[in-house]
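Report on the following structure.
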Amino acid sequence: MASFKDSLPPDLFDQTTLVSLASTVAILATAYVLSLSALDRNTSGSHRFLFVWHAFDALIHFILEGSFLYHCFFSWMPLARVSNPHALAPTAHNFLGYTNRAYGPQAGGDNAFAQLWMVYAKADRRWAGADLTVISLELLTVFVAGPLACYICHGLAKKDPRTNIFIIITATMELYGGFITFCPEWLTANYNLDTSNFMYKWVYLVFFNMLWVFIPLYAIWVAVKDIDNAFAARSRTAVASKRK
(Lines give C-alpha, C1' and ligand atoms only; values in the text may rest on other atoms or scores of the structure.)
Protein backbone atom coordinates (compact mmCIF):
# COMPACT_ATOMS: atom_id res chain seq x y z
CA MET A 1 0.00 0.00 0.00
CA ALA A 2 2.88 2.36 0.68
CA SER A 3 4.07 2.19 -2.93
CA PHE A 4 0.52 2.83 -4.17
CA LYS A 5 0.16 5.90 -1.95
CA ASP A 6 3.53 7.16 -3.11
CA SER A 7 2.31 6.93 -6.71
CA LEU A 8 -0.59 9.32 -6.09
CA PRO A 9 -0.18 13.05 -6.79
CA PRO A 10 0.08 15.24 -3.67
CA ASP A 11 -2.91 17.34 -4.77
CA LEU A 12 -5.17 14.35 -5.45
CA PHE A 13 -7.87 15.40 -3.01
CA ASP A 14 -7.81 19.17 -3.48
CA GLN A 15 -11.12 20.95 -4.03
CA THR A 16 -10.74 21.48 -7.78
CA THR A 17 -9.95 17.81 -8.44
CA LEU A 18 -12.86 16.59 -6.34
CA VAL A 19 -15.27 19.00 -8.02
CA SER A 20 -13.99 17.91 -11.44
CA LEU A 21 -14.57 14.24 -10.71
CA ALA A 22 -17.93 14.97 -9.06
CA SER A 23 -19.09 16.87 -12.14
CA THR A 24 -18.58 13.76 -14.26
CA VAL A 25 -20.63 11.68 -11.81
CA ALA A 26 -23.36 14.36 -11.81
CA ILE A 27 -23.53 14.31 -15.62
CA LEU A 28 -23.84 10.51 -15.56
CA ALA A 29 -26.62 10.73 -12.98
CA THR A 30 -28.44 13.30 -15.14
CA ALA A 31 -28.21 10.96 -18.15
CA TYR A 32 -29.67 8.12 -16.09
CA VAL A 33 -32.56 10.28 -14.84
CA LEU A 34 -33.29 11.29 -18.44
CA SER A 35 -33.51 7.61 -19.39
CA LEU A 36 -36.12 7.01 -16.70
CA SER A 37 -38.39 9.68 -18.13
CA ALA A 38 -37.76 9.05 -21.84
CA LEU A 39 -37.83 5.24 -22.11
CA ASP A 40 -40.72 2.90 -21.45
CA ARG A 41 -40.45 -0.13 -19.20
CA ASN A 42 -40.23 -2.53 -22.12
CA THR A 43 -37.00 -1.03 -23.44
CA SER A 44 -34.27 -3.66 -23.64
CA GLY A 45 -31.30 -3.45 -21.33
CA SER A 46 -28.89 -2.85 -24.20
CA HIS A 47 -30.93 0.03 -25.61
CA ARG A 48 -31.41 1.53 -22.15
CA PHE A 49 -27.65 1.40 -21.62
CA LEU A 50 -27.02 3.01 -25.00
CA PHE A 51 -29.54 5.77 -24.22
CA VAL A 52 -27.73 6.57 -20.96
CA TRP A 53 -24.38 6.45 -22.71
CA HIS A 54 -25.37 8.78 -25.54
CA ALA A 55 -27.09 11.20 -23.16
CA PHE A 56 -23.94 11.19 -21.03
CA ASP A 57 -21.84 11.55 -24.18
CA ALA A 58 -23.83 14.54 -25.42
CA LEU A 59 -23.69 16.32 -22.06
CA ILE A 60 -19.93 15.74 -21.81
CA HIS A 61 -19.45 17.12 -25.32
CA PHE A 62 -21.65 20.17 -24.83
CA ILE A 63 -20.76 21.13 -21.26
CA LEU A 64 -17.18 20.05 -20.67
CA GLU A 65 -15.66 19.92 -24.13
CA GLY A 66 -17.71 22.94 -25.17
CA SER A 67 -16.11 24.87 -22.32
CA PHE A 68 -12.68 23.74 -23.52
CA LEU A 69 -13.36 25.19 -26.97
CA TYR A 70 -14.60 28.41 -25.40
CA HIS A 71 -11.32 28.89 -23.56
CA CYS A 72 -9.31 27.96 -26.65
CA PHE A 73 -10.96 30.74 -28.64
CA PHE A 74 -11.76 33.41 -26.05
CA SER A 75 -9.33 33.04 -23.11
CA TRP A 76 -5.86 34.39 -23.73
CA MET A 77 -2.97 36.16 -22.07
CA PRO A 78 -0.24 38.33 -23.64
CA LEU A 79 3.08 36.49 -23.67
CA ALA A 80 4.83 39.76 -22.80
CA ARG A 81 3.30 39.61 -19.31
CA VAL A 82 4.42 36.02 -18.65
CA SER A 83 7.75 35.74 -16.88
CA ASN A 84 8.48 32.28 -18.28
CA PRO A 85 6.50 31.62 -21.49
CA HIS A 86 8.22 28.24 -21.95
CA ALA A 87 6.44 26.98 -18.82
CA LEU A 88 3.06 27.40 -20.53
CA ALA A 89 1.30 24.71 -22.51
CA PRO A 90 1.93 25.44 -26.18
CA THR A 91 -0.33 27.58 -28.32
CA ALA A 92 -0.02 26.87 -32.03
CA HIS A 93 2.04 29.42 -33.94
CA ASN A 94 -0.12 32.17 -35.46
CA PHE A 95 -3.24 30.74 -33.81
CA LEU A 96 -6.18 32.98 -34.78
CA GLY A 97 -3.64 35.26 -36.44
CA TYR A 98 -1.66 36.09 -33.28
CA THR A 99 1.89 35.18 -32.33
CA ASN A 100 2.06 37.05 -29.04
CA ARG A 101 -0.76 35.35 -27.12
CA ALA A 102 -1.18 32.16 -25.10
CA TYR A 103 -4.66 30.65 -25.41
CA GLY A 104 -6.59 27.92 -23.65
CA PRO A 105 -7.75 27.03 -20.14
CA GLN A 106 -4.36 28.13 -18.79
CA ALA A 107 -5.51 31.68 -19.52
CA GLY A 108 -8.95 31.17 -18.00
CA GLY A 109 -8.06 32.39 -14.53
CA ASP A 110 -10.48 31.32 -11.79
CA ASN A 111 -13.20 30.15 -14.16
CA ALA A 112 -14.50 26.81 -12.88
CA PHE A 113 -14.32 25.09 -16.26
CA ALA A 114 -10.82 26.40 -16.90
CA GLN A 115 -9.76 25.00 -13.53
CA LEU A 116 -11.39 21.67 -14.39
CA TRP A 117 -9.37 21.41 -17.60
CA MET A 118 -6.20 22.40 -15.78
CA VAL A 119 -6.75 19.36 -13.57
CA TYR A 120 -6.90 17.07 -16.60
CA ALA A 121 -3.95 18.93 -18.14
CA LYS A 122 -1.79 17.62 -15.33
CA ALA A 123 -1.95 14.31 -17.18
CA ASP A 124 -2.03 15.71 -20.73
CA ARG A 125 -0.67 19.25 -21.00
CA ARG A 126 -2.13 19.81 -24.47
CA TRP A 127 -5.49 20.46 -22.80
CA ALA A 128 -4.10 23.50 -20.98
CA GLY A 129 -3.22 25.32 -24.18
CA ALA A 130 -4.40 25.49 -27.78
CA ASP A 131 -3.27 22.36 -29.60
CA LEU A 132 -4.48 22.32 -33.21
CA THR A 133 -5.12 18.57 -33.35
CA VAL A 134 -7.17 18.64 -30.16
CA ILE A 135 -9.11 21.75 -31.17
CA SER A 136 -9.90 20.37 -34.63
CA LEU A 137 -11.24 17.16 -33.13
CA GLU A 138 -13.23 18.97 -30.47
CA LEU A 139 -14.93 21.15 -33.07
CA LEU A 140 -16.27 18.00 -34.72
CA THR A 141 -17.05 16.43 -31.36
CA VAL A 142 -19.04 19.35 -29.96
CA PHE A 143 -20.84 20.46 -33.13
CA VAL A 144 -21.35 17.09 -34.87
CA ALA A 145 -21.01 14.17 -32.44
CA GLY A 146 -22.91 15.99 -29.67
CA PRO A 147 -26.04 16.65 -31.76
CA LEU A 148 -25.83 13.12 -33.21
CA ALA A 149 -25.83 11.68 -29.69
CA CYS A 150 -28.98 13.68 -28.91
CA TYR A 151 -30.62 12.41 -32.09
CA ILE A 152 -29.72 8.84 -31.10
CA CYS A 153 -31.38 9.31 -27.71
CA HIS A 154 -34.51 10.59 -29.46
CA GLY A 155 -34.46 7.64 -31.84
CA LEU A 156 -34.02 5.12 -29.04
CA ALA A 157 -36.92 6.67 -27.15
CA LYS A 158 -39.11 6.49 -30.28
CA LYS A 159 -37.83 2.96 -31.13
CA ASP A 160 -36.81 4.14 -34.58
CA PRO A 161 -34.78 1.33 -36.23
CA ARG A 162 -32.89 3.87 -38.36
CA THR A 163 -31.17 4.95 -35.16
CA ASN A 164 -28.78 2.03 -35.59
CA ILE A 165 -27.19 3.77 -38.57
CA PHE A 166 -26.43 6.88 -36.52
CA ILE A 167 -25.16 4.78 -33.61
CA ILE A 168 -22.57 3.23 -35.93
CA ILE A 169 -21.62 6.61 -37.40
CA THR A 170 -21.22 8.25 -33.99
CA ALA A 171 -19.31 5.31 -32.51
CA THR A 172 -16.93 5.32 -35.47
CA MET A 173 -16.36 9.05 -34.96
CA GLU A 174 -15.54 8.47 -31.29
CA LEU A 175 -13.07 5.68 -32.10
CA TYR A 176 -11.40 7.69 -34.85
CA GLY A 177 -11.21 10.75 -32.60
CA GLY A 178 -9.54 8.78 -29.83
CA PHE A 179 -6.91 7.45 -32.21
CA ILE A 180 -6.14 10.88 -33.67
CA THR A 181 -5.94 12.36 -30.17
CA PHE A 182 -3.30 9.95 -28.90
CA CYS A 183 -1.46 8.82 -32.03
CA PRO A 184 0.67 12.02 -32.09
CA GLU A 185 1.72 11.25 -28.52
CA TRP A 186 2.61 7.65 -29.34
CA LEU A 187 4.80 8.92 -32.19
CA THR A 188 6.61 11.36 -29.88
CA ALA A 189 7.13 9.05 -26.88
CA ASN A 190 4.21 10.61 -24.96
CA TYR A 191 5.91 14.00 -24.91
CA ASN A 192 2.90 15.85 -23.45
CA LEU A 193 1.65 13.08 -21.17
CA ASP A 194 2.49 12.59 -17.49
CA THR A 195 2.30 8.89 -16.64
CA SER A 196 4.42 9.17 -13.52
CA ASN A 197 1.66 8.25 -11.07
CA PHE A 198 -1.40 6.01 -10.80
CA MET A 199 -4.01 8.79 -10.94
CA TYR A 200 -2.75 10.52 -14.05
CA LYS A 201 -1.96 7.34 -16.00
CA TRP A 202 -4.70 4.88 -15.05
CA VAL A 203 -7.60 7.18 -14.13
CA TYR A 204 -7.27 10.32 -16.26
CA LEU A 205 -5.56 8.86 -19.34
CA VAL A 206 -6.53 5.19 -19.46
CA PHE A 207 -9.91 4.86 -17.72
CA PHE A 208 -11.62 8.03 -18.94
CA ASN A 209 -10.37 7.67 -22.51
CA MET A 210 -10.95 3.92 -22.80
CA LEU A 211 -14.62 4.52 -22.02
CA TRP A 212 -14.77 6.08 -25.49
CA VAL A 213 -13.22 2.93 -26.97
CA PHE A 214 -15.01 -0.02 -25.41
CA ILE A 215 -18.49 1.50 -25.21
CA PRO A 216 -18.50 2.66 -28.86
CA LEU A 217 -17.34 -0.84 -29.85
CA TYR A 218 -20.26 -2.27 -27.85
CA ALA A 219 -22.63 0.25 -29.48
CA ILE A 220 -21.48 -0.86 -32.93
CA TRP A 221 -22.01 -4.50 -31.98
CA VAL A 222 -25.57 -3.86 -30.76
CA ALA A 223 -26.44 -1.80 -33.85
CA VAL A 224 -24.96 -4.32 -36.29
CA LYS A 225 -26.79 -7.13 -34.53
CA ASP A 226 -30.11 -5.24 -34.87
CA ILE A 227 -29.47 -4.55 -38.56
CA ASP A 228 -28.50 -8.19 -39.14
CA ASN A 229 -31.71 -9.33 -37.43
CA ALA A 230 -33.71 -7.01 -39.70
CA PHE A 231 -32.10 -8.46 -42.83
CA ALA A 232 -32.70 -11.99 -41.53
CA ALA A 233 -36.38 -11.18 -40.91
CA ARG A 234 -36.71 -9.72 -44.41
CA SER A 235 -35.15 -12.85 -45.88
CA ARG A 236 -37.55 -15.07 -44.00
CA THR A 237 -40.48 -12.98 -45.19
CA ALA A 238 -39.27 -13.18 -48.78
CA VAL A 239 -38.91 -16.96 -48.58
CA ALA A 240 -42.36 -17.30 -47.05
CA SER A 241 -43.86 -15.12 -49.81
CA LYS A 242 -42.33 -17.30 -52.54
CA ARG A 243 -43.86 -20.42 -51.02
CA LYS A 244 -47.36 -19.02 -51.19
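Keep in mind that the numbers below use all heavy atoms, side chains included, and drop hydrogens, waters and symmetry copies. Along the sequence shown, residues are numbered consecutively beginning with 1.
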Distance-only donor-acceptor pairs under 3.5 Å for side chains of residues 26-37, two or more places apart:
| unit_1 | atom_1 | unit_2 | atom_2 | d |
| --- | --- | --- | --- | --- |
| Thr30 | OG1 | Ala26 | O | 2.9 |
| Ser35 | OG | Tyr32 | O | 2.5 |
| Ser37 | OG | Leu34 | O | 3.0 |

Exercise. Minimum heavy-atom separation for Ser20 to Ser23, with atom names?
Worked result: O-OG, 2.5 Å

For this session: Examine Leu21 and Trp117 and state if one hydrophobic cluster contains both, with Ile, Leu, Val, Met, Phe, Trp and Tyr joined whenever side-chain heavy atoms are less than 4.5 Å apart.
Result: yes

Contacts table for residues 145-168: side-chain donor-acceptor under 3.5 angstrom, sequence neighbours left out:
| unit_1 | atom_1 | unit_2 | atom_2 | d |
| --- | --- | --- | --- | --- |
| Asp160 | OD1 | Arg162 | N | 3.0 |
| Asp160 | OD1 | Arg162 | NE | 3.2 |
| Asp160 | OD2 | Arg162 | NE | 3.3 |
| Asp160 | OD2 | Arg162 | NH2 | 3.1 |
| Thr163 | OG1 | Asp160 | O | 2.8 |
| Asn164 | ND2 | Pro161 | O | 3.1 |

Problem set entry | Apart from Val19 itself, residues in the same hydrophobic cluster as defined by side-chain heavy atoms under 4.5 Å | none

With a cut-off of 3.5 Å and sequence neighbours excluded, list every side-chain donor-acceptor pair involving residues 90-102.
| unit_1 | atom_1 | unit_2 | atom_2 | d |
| --- | --- | --- | --- | --- |
| Thr91 | OG1 | Tyr103 | N | 2.9 |
| Arg101 | NH1 | Tyr103 | OH | 3.0 |

Exercise. Do we see a donor-acceptor contact under 3.5 Å between the side chains of Asn192 and Glu185?
Worked result: yes

Exercise. Hey, does Thr172 have a side-chain heavy atom less than 4.5 Å from the side chain of Ile169?
Worked result: no

Exercise. In chain order, what residues pass the side chain to side chain donor-acceptor pair (under 3.5 Å) check against Ser75, with sequence neighbours excluded?
Worked result: His71

Problem set entry | Exercise: identify the closest heavy-atom pair between Phe113 and Ile63 | CE2-CG2, 3.8 Å

Exercise. Any donor-acceptor pair under 3.5 Å linking the side chain of Arg48 with the backbone of Asn42?
Worked result: no

Exercise. Does Leu187 sit in a hydrophobic cluster with other residues, and if so which ones, taking ILVMFWY side chains as linked at heavy-atom separations under 4.5 Å, directly or through other members?
Worked result: none

Seminar exercise, completed: In short, Pro85 meets Val82 closest at the heavy-atom pair CD-O, 3.6 Å

Exercise. When rounded to the nearest 0.5 angstrom, what is the spacing between CG in Leu64 and CG in Leu59?
Worked result: 9.0 Å

For this session: Report, as yes or no, whether the 6.0 Å neighbourhood of atom CG on Asp110 holds more than 12 heavy atoms from other residues, nucleotides or ligands.
Result: no

Exercise. Are Leu69 and Met118 linked, directly or through other ILVMFWY residues, by side chains that come within less than 4.5 angstrom of each other?
Worked result: no

Seminar exercise, completed: So CH2 of Trp186 and CG of Leu193: to nearest 0.5 Å the spacing works out to 10.5 Å

Problem set entry | Sequence-distant partners of Glu65, side chain to side chain donor-acceptor pair (under 3.5 Å), two or more places apart | His61

Problem set entry | pair Phe179-Leu175: side-chain heavy atoms closer than 4.5 Å | no

Which donor-acceptor pairs under 3.5 Å do side chains of residues 125-144 form with protein atoms, sequence neighbours excluded?
| unit_1 | atom_1 | unit_2 | atom_2 | d |
| --- | --- | --- | --- | --- |
| Arg125 | NH2 | Leu88 | O | 3.0 |
| Arg126 | NE | Asp124 | OD1 | 3.0 |
| Arg126 | NE | Asp124 | OD2 | 3.4 |
| Arg126 | NH1 | Thr181 | O | 2.7 |
| Arg126 | NH2 | Asp124 | OD2 | 2.8 |
| Arg126 | NH2 | Thr181 | O | 3.1 |
| Trp127 | NE1 | Asp124 | OD2 | 3.3 |
| Asp131 | OD1 | Thr133 | N | 3.1 |
| Asp131 | OD1 | Val134 | N | 3.0 |
| Ser136 | OG | Leu132 | O | 2.7 |
| Thr141 | OG1 | Leu137 | O | 2.9 |

Exercise. Going from CD on Gln106 to CE on Met77, what distance comes out if it is rounded to the nearest 0.5 angstrom?
Worked result: 5.5 Å

All N/O donor-acceptor pairs, side-chain side in residues 206-231, below 3.5 Å, sequence neighbours left out:
| unit_1 | atom_1 | unit_2 | atom_2 | d |
| --- | --- | --- | --- | --- |
| Asn209 | ND2 | Tyr120 | OH | 3.0 |
| Asn209 | ND2 | Tyr204 | O | 3.3 |
| Asn209 | ND2 | Leu205 | O | 2.8 |
| Trp212 | NE1 | Asp57 | OD1 | 2.7 |
| Asp226 | OD2 | His47 | NE2 | 2.9 |
| Asn229 | ND2 | Lys225 | O | 3.3 |

